[in-house]
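Here is the structure we will look at, set down as structure tokens.
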Amino acid sequence: MSVELREVPLPSIGDDDVLLAVGAVSVCGSDVHQAWCTHSWPVNTPVTLGHEFGGTIAALGANVTGFREGDRVVSETAAVICGQCAMCRSGRYNLCPTRKGFGYGIDGAMAAYVRVPARCLHHVPDALPLDLACLTEPHAVAYNAMCVNVMIRPGDTVIVLGPGPIGLLCARMAALSGASPLIVVGLTADRERLDTARALGATHTIDAATEDLDEIVRDLAPLGADVVCDASGASRTLQAALRLVRPDGQITKVGWSPEPLAVDLNPLVQKNVRLQGSFSHNWPIWERVLHLLAAGLTGAEKIVGLRAGLEDWREAFDAMHEGRVIKSVLLPAGRAEAPPLHHREGSNHGEVSNGSISS
Ligand SMILES: [Zn+2]
Ligand SMILES: [Zn+2]
């Protein structure tokens with residue numbers, strides 16, 4: 001475990017920033033990976049964790065328009081972008097090579113206050129409480145993976161591999177897109193998550209450890225699935241995705257893993273399959289997701305298993321790490337005295353302080 005509560009100064013803001021009083025920040029699988037040093041991306045330590053957040057504007061820089069003090073907002077994650085490259089100029093700034101996100105590249109929101117560039121902000125509809133609005137980010141990841149980077153038509157057979165928070169939200173987006181049958185695949189330890197998958201619209205759930213995944217899929221879709229979403233944190237599921245997808249089908253890959261893998265890619269060619277990576281999200285995705293959340297269409301509350309103050313961060317992280325809850329939400333608001341949660345200096349990449357590491 002490489003995080004701790006630490007006192008830090010109130011962030012100072014520039015002319016294009018706001019100071020946000022954090023109302024709610026959900027714990028991401030990536031926060032848990034960073035805490036246990038099982039992440040596969042560079043972390044700019046020491047850094048305050050947290051990139052899934054919403055809050056109330058406490059102060060505005062001189063150039064900020066369209067927002068006022070007291071506005072309830074959520075923030076996108078691309079805290080630093082160049083603004084000049086072709087990706088930035090075409091609105092795909094999430095793919096800017098210089099992008100730095102909150103919580104690993106720059107101080108995040110597991111704190112009473114966070115500095116946010118105003119271009120990252122979205123207004124939160126009145127009907128949407130902040131402890132659900134903070135889940136806009138993972139929903140936007142799922143929306144990009146299922147509704148932008150692949151196309152699902154009503155009646156398509158869709159398989160989601162990996163019922164973690166992102167996999168479950170991908171399943172929900174597939175359900176909203178009319179997928180049927182919608183099959184979510186996990187392991188025996190995922191039993192409760194698979195129950196949640198059904199609550200979110202899965203027509204079938206499969207325990208790949210005890211059931212014959214290929215046979216069940218073959219019965220439902222003899223040619224294979226129209227779309228397979230690889231939302232697993234293990235590289236080897238790509239092999240299953242290549243096996244389960246139909247000829248001329250699509251694979252959307254949103255799960256990360258540090259392990260390199262020797263995969264037989266011949267089915268990709270032989271079946272004329274499109275393999276599409278999916279990373280992050282951008283402005284139009286956020287606006288659509290906020291609409292879905294405010295309309296109650298995402299089932300967001302079904303994935304939140306624990307709400308806690310910042311001082312109880314350890315239980316919030318442990319509960320996710322041990323698989324007791326799908327998602328924890330930290331609530332710094334009203335606890336302005338609480339110090340932020342820090343990824344300690346020198347704790348990047350593999351160094352662990354207490355040996356409770358898991359992959
Ligand atoms: Zn996240
Ligand atoms: Zn750029």
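Read the numbers this way: they start at 1 and go in the same order the structure lists the ligands and their atoms.
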Only one of Leu330, Val329, Leu331, Val27 forms a side chain to side chain contact (heavy atoms under 4.5 Å, CB included) with Cys134, so which one is it? Val329
Which residue is it: Arg307, Lys327, Glu52? I am looking for the one with a side chain to side chain donor-acceptor pair (under 3.5 Å) to Ser26. Glu52
Report the C-alpha separation of Val185 and Val160 in whole Å, then their side-chain angles, then the decisive distance to 0.1 Å, and conclude whether the side chain to side chain contact (heavy atoms under 4.5 Å, CB included) test is met. CA-CA 6 Å; Val185 183; Val160 177; over 6 Å; no
Test item: His123 side-chain N/O and Gly66 main-chain N/O as donor-acceptor pair under 3.5 Å: yes
Considering residues at least two apart in sequence or located in another chain, which fulfil the side chain to side chain contact (heavy atoms under 4.5 Å, CB included) criterion with Thr77? His51, Arg99, Glu137, Ser280, His281
Is any protein N, O or S atom closer than 2.8 Å to the Zn ion (ligand 1), and if so, which? Cys28 SG, His51 NE2, Glu52 OE2
To 10 degrees, how wide is the angle SG (Cys88) to the Zn ion (ligand 2) to SG (Cys85)? 110°
What are the two closest non-hydrogen atoms of Val228 and Ala241, and how far apart are they? CG1-CB, 3.7 Å
ang(SG Cys96, the Zn ion (ligand 2), SG Cys82) rounded to 10° is 110°
Greater than 12 external heavy atoms within 6.0 Å of Arg191's CZ: no
